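In what follows, chains are A, B, ... by sequence order, proteins preceding strands, each numbered from 1. Everything numeric here is computed off the predicted structure, so don't read it as measured data.
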Protein chains: 2
Amino acid sequence: MNLPAAKRRRATGRVTLNDVALAAGVSPITVSRALRGERAVDPELVARVREAADKLGYMPDPAARALASRHSTHVAVLIPLLSNALFVDLLEAVQRTLRPAGYQVLIGVTHYDEAEEEQLLREQLLHRPAGVLVTGLERRAGTRALIASSGVPCVHLMETAQAPGLHCVGFSQHAAGMAMTRHLLGRGRRRIAFAAAQLDARTLQRLAGWRDALTEAGLYEPTLEWLNPAPSSIALGGRMFEQIIGQRPAVDAIFFCNDDLAQGALLAALRLGVKVPEQVAVAGFNDLTGSDQMLPPLTSVRTPRGEIGEAAAAMLLALMRGQPVARPAIDLGFTLVPRSST
Amino acid sequence: MNLPAAKRRRATGRVTLNDVALAAGVSPITVSRALRGERAVDPELVARVREAADKLGYMPDPAARALASRHSTHVAVLIPLLSNALFVDLLEAVQRTLRPAGYQVLIGVTHYDEAEEEQLLREQLLHRPAGVLVTGLERRAGTRALIASSGVPCVHLMETAQAPGLHCVGFSQHAAGMAMTRHLLGRGRRRIAFAAAQLDARTLQRLAGWRDALTEAGLYEPTLEWLNPAPSSIALGGRMFEQIIGQRPAVDAIFFCNDDLAQGALLAALRLGVKVPEQVAVAGFNDLTGSDQMLPPLTSVRTPRGEIGEAAAAMLLALMRGQPVARPAIDLGFTLVPRSST
DNA sequence: CTGAAAGCGCTTACAG
DNA sequence: CTGAAAGCGCTTACAG
């Protein structure tokens, strides 16, 4: 190895494609192709290259690869919050599916802020991600344009709709809102309040489902809506419960848009001595951890976020590989979980 | 713009450093230096370059930058779980500090598995991160060697210790364990059980703190330790509470290693009709969301994870910039939060 | 303070 | 099926 000094000047000590090529006695480009399993390379050469690569401990440099191919192995994932267990479950499932396929997940937390989402996406796109996963279907026109013009494959999480070129995995938030409301109606409740925080797009779809179910039953009344734009939390659920019970004692059921609110409500009921479900039924959404441990156990809707994360990641994988996608819009449904709180 | 075809062949349409250089009438290298604020560049030139870059909407390519400089703008962060709010708070603080400085966070979830941690780090290191953040001080020798030989600056989260070359931000888990135990002793408790799940390094340090405080008081007894390697959860806390109360009715206080367990215990107590704190006091750790809403509100230890995330990220920032670090080991303390459960 | 040259480690696009 | 050439878009190291 008598390379001229100039050749060694910036040597990083890293094992490169070239080293493998020399060891295997082929050209670098053949190593590249053999290792990526691209095109037809003589199986015997592939074996020789593999062996040399293993022996030298060769690992491709993602930066060089990204620069040359104009695609990194990053996948950008944009979620509203990390403090909602829902999105953590989603993320874990995405990571579980994408990592073994050789992709790195870049997480962006939008805090339910459309401007922040656009800014994050703009930054992520600089890294030439191989794919993008975003939460929900609604966003700024600028953000949508950014995605479209980037040409990067994109799958939408948590909601589902049919539209040309749209890829999404989720379930009908509206139908889930209706289902829970009908469950409460089925238990004989007549004054069913809807209590929500955050008021993001999906919460509003559940609200619409509740509204439609009550209207259908001839029991809809605008004053039964309790909407609070503040972030969802156990403490807020307690306050909302006190408020509703205090101002509308005739309410006989409260459908909270998320389990943390409902859990807070159950704790407040215990504190206040309000009997659940005798005096008022309490229902939640998402079936978060702890809901089955509450007193009484909380009726909720189990949402398939793990499955959504996996299916969306699998769909993105196909898109990134240029493979055909059988169903571009997947509805994974939901499960009503009746417990003693209703 | 009459470039020969060959010049345009692989044009990406992206605005490059070269485009800015042409527009500003300087060499590309001067643009590079001006934009990075490196060395002394004529202020007038800097202004001209900035203007040209803004006008063209130039954004540097991270892959090209990483390849040439051998450092990406990624920071790898290794945490045990995303399903513990503690680490989510940590992560949010890290992101909040690192993103404005131009760094992207790559999250690795180790699931409390040392082999997985090593594997994740190995993958992350391929991306030539500018820095690494890891949770805790204990890990495999191989993982430590990987960090050391990479030469990438590394800061340790959640624990603190003095050692040459070691950078860490945290607090004394042992002292916190002692403090809570002494609080219980101060409330007249004499048979104080310690109930833990997961059994990671930090949990065991709290256990040691509990043990030392009880030994000091002449009240230590091995059978008061309830250690379960299963993942921590509200449901598990309920089961452990039932078990302890069932098998050792004389226990007059239980110190749970994490708030989720303690919350589950409080719910189980309600279910079983066990009076808290009259019959048995219940304490938790980390002061997680909802603990102040429990019935009775849960006594806990507030841990400064937000501050830890910020301080660690700031320290890493200094290391990545080659700046001196005043204090390589920062102890941010903790706060005992007494509530009605003890 | 500024620049021309070389190179980071890969892949694309073209030949054969 | 295999390869030589060129290039991806930056920064390093050396001069001046």
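Atom CZ in Arg70(B) sits about 13 Å away from atom P in dG7(C), given to the nearest Å. If you measure from atom CD1 of Ile29(A) to atom P of dA4(D), you get 11 Å, rounded to the nearest angstrom. With rounding to whole Å, Asp61(B) atom CG is found 7 Å from dG9(D) atom P. Atom pair Arg36(A):CZ and dT12(C):C1' shows a separation of 9 Å (rounding to whole Å applied). In this structure, Leu17(B) atom CG and dG7(D) atom P are separated by 18 Å, rounded to whole Å. Per the geometry, CZ belonging to Arg128(A) stands 13 Å off C1' belonging to dC10(C), to the nearest Å. Atom NE2 in His127(B) sits roughly 16 Å away from atom P in dG9(C) (whole-Å rounding). A straight line from NE2 of His71(A) to C1' of dG9(D) spans 16 Å, rounded to a whole angstrom.
Between Pro153(A) and Leu316(A), the closest heavy-atom pair is O-CD1, 3.6 Å. Minimum interatomic distance between Met158(B) and Thr135(B) (heavy atoms only, all atoms of both residues): CG-CG2, 4.2 Å.
For His127(B) and His127(A), the ring centers are positioned 6.0 Å apart or more.
Among the nucleotides dT12(C), dG3(C), dC10(C), the one closest to the side chain of Val26(B) is dG3(C). Nearest nucleotide to the Thr30(B) side chain, out of dG3(D), dG9(D), dT2(C): dT2(C).
Note that CG of Leu137(A) and CZ of Arg144(A) are 10.5 Å apart. Values are rounded to the nearest 0.5 Å.
The nearest heavy atom of DNA chain D to Ser27(A) and to Ala64(B) marks one nucleotide each, and the one closer to the 5' end goes with Ser27(A).
Across every strand in view, dA13(D) sits unpaired, with no contact that passes the Watson-Crick or G-U test at under 3.5 angstrom.
Heavy atoms of Pro28(B) sit nowhere under 4.0 angstrom from any nucleic acid atom.
At a threshold of 4.0 Å, the pair Glu118(B)-Arg122(B) counts as salt-bridged, since one of the basic side-chain nitrogens sits closer than that to a carboxylate oxygen.
With hydrogens and angles ignored, a donor-acceptor pair under 3.5 angstrom links the side chain of Arg33(A) to the base of dG3(D).
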